[in-house]
Student: 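Got a structure for you, questions after.
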Amino acid sequence: METMNEPNKSWHSQERLKILERAVQSARNGIVITDPKLPDNPIVYANPAFSELTGYSQAEIVGHNCRFLQGADCNQSEIAEVRSAIAEGRSLMTILRNYRKDGTLFWNELSIAPVHDDEGTVINFIGVQNDITARKESDRRVSEFYSMVSHELRTPLSSVRASLGLIDEGSAGDIPSGAKRLVTIALQNAERLLKLVDDILDFKKMETGNLDLNTAIVEPDIIVTSVLSSLSQLAANADIQVIKQINTRKSLCADSDRILQVLINLIANAIKFSPRGSRITVAVKDVGKSMHFAVTDEGPGIAEKDKEKLFLKFHQLDSSDTRPKPGSGLGLAISKTIVELHGGTIGVDSAVGNGSTFWFILPLVPKS
Ligand code: ADP
């Protein structure tokens, strides 16, 4: 097969040039070639898509430096990056705020690369521009949506849950037993909904790399005790006994709220998938410079082929031996991210029919 690098007789250099030129002329990305050997690195070629994108005519483009696209918005740190990449003769990909001839903004995903001659000297730069304004706009809408979920959904929902909690525990006075039963159901569902909203918000933070840790010295016993107390009702309702085994006197440096969240996920899953009357053990021990946490249940277990998939986003198993359960399928993915942000590892030991042990290991001091 003929390639650009292996011309044969039918591939004359004239033809080749013509094809290359036509390809660049037809490209849907704005393409410019500049000449850094001339004063101010002017554009020496721009394809029609570049004119279309920017609204400038060929005469207004050729012979000028690309900076006419910046308008007055010239204090972008990305512009300084482009400048140094050109000065150092290297390639770069960045996103700039640029302006069309009519003054309207467009987000320019710009990729520049040096073009070398046979001696390796930089003779030109090629710049490929991609208008990502629509993508930016949709990112902004998605961000607004998450902020709406956070404020307009989560805030009133927390207040509903808190009020139901107060009524349920009797702080608002005695209520008839029939009403109490309904309040308890409403409370459990408000909690489920809140957990789902929190998972969605954490998922968004995870995707954008904004899930930050707030580390401090934490005592495993205190965390486990607090988790067990918050899940005691859930365990009692499922008729499951939860046993705590703390075999460490050491503390560790971690984000206690996030570790609490991981343990709640693992123990709540264990409760969800275990048969009534069974036991769950929550064990912690220190080994060398790390802390090992393990949640062992007597549930259906997990097949070898499914183990890896469990920790993927939005993944729930649908094998015949696990009944459909409520949940977002995000809990383990979020837990994995939290553990890995601490420099730790998470996994599961399990065999079908023999229960599961979900474990995670954290360094006593997280790696920075
Ligand atoms: P969800 O919020 O849906 O429970 P997770 O990411 O926490 O999502 O869990 C993903 C899936 O892993 C669950 O839907 C279930 O199929 C499986 N799973 C998790 N924990 C256990 C367990 N202890 N025993 C059996 N299956 C489990």
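FYI, the numbering just counts along the sequence from 1. For ligands, and for the atoms within them, numbers begin at 1 and follow the listed sequence.
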Student: Test Glu137 against Arg141 for salt bridge (Lys or Arg N to Asp or Glu O under 4.0 Å), laying out the working first.
Tutor: CA-CA 6 Å; Glu137 178 58 16; Arg141 290 213 186 100; 3.3 Å; yes

Student: As an exercise, identify every atom of ligand 1 less than 4.0 angstrom from a heavy atom of Gly331.
Tutor: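 Once the distances to Gly331 are compared, the set is 5 (P), 6 (O), 7 (O), 8 (O).
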
Student: Checking side-chain contact (heavy atoms from CB on, under 4.5 Å) between Leu110 and each of Leu96, Val32, Leu69, which is the one that passes?
Tutor: Leu96

Student: Should Arg258 and Gln261 be marked as a side chain to side chain donor-acceptor pair (under 3.5 Å) after you check the CA-CA gap, both sets of side-chain angles, and the distance that decides it?
Tutor: CA-CA 5 Å; Arg258 291 296 183 185; Gln261 184 181 351; 2.7 Å; yes

Student: For ligand 1, which atoms have a heavy atom of Leu310 less than 4.0 angstrom away?
Tutor: 11 (C), 12 (O), 17 (C)

Student: List ligand 1 atoms under 4.0 Å from Asp297, heavy atoms only on the residue side.
Tutor: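 Within the 4.0 Å cut-off of Asp297, ligand 1 contributes 22 (C), 23 (N), 24 (N).
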
Student: Counting distance only, does the side-chain N/O of Asp297 pair as donor-acceptor with the main-chain N or O of Ser356 below 3.5 Å?
Tutor: yes

Student: What part of Asp199 sits under 4.0 Å from ligand 1 if we count only heavy atoms: the side chain, the backbone, both or neither?
Tutor: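 No part of Asp199 comes within reach of ligand 1.
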
Student: Does Phe358 have a heavy atom less than 4.0 Å from any atom of ligand 1?
Tutor: yes

Student: About how many Å separate CG of Asn98 and CZ of Arg67, when rounded to the nearest 0.5 Å?
Tutor: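 The CG atom of Asn98 is 13.0 Å from CZ of Arg67, to the nearest 0.5 Å.
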
Student: Pick out which of Ile267, Val295, Val282 makes a side-chain contact (heavy atoms from CB on, under 4.5 Å) with Val224.
Tutor: Val282

Student: Tell me, please: is Gly329 in heavy-atom contact with ligand 1, that is, under 4.0 Å?
Tutor: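 Checking ligand 1 against Gly329, which is what was asked, there is a heavy-atom contact under 4.0 Å.
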
Student: Which atoms of ligand 1 are found less than 4.0 Å from any heavy atom of Asn269?
Tutor: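 Those qualifying, in numeric order: 4 (O), 5 (P), 7 (O), 9 (O), 19 (C), 20 (N).
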
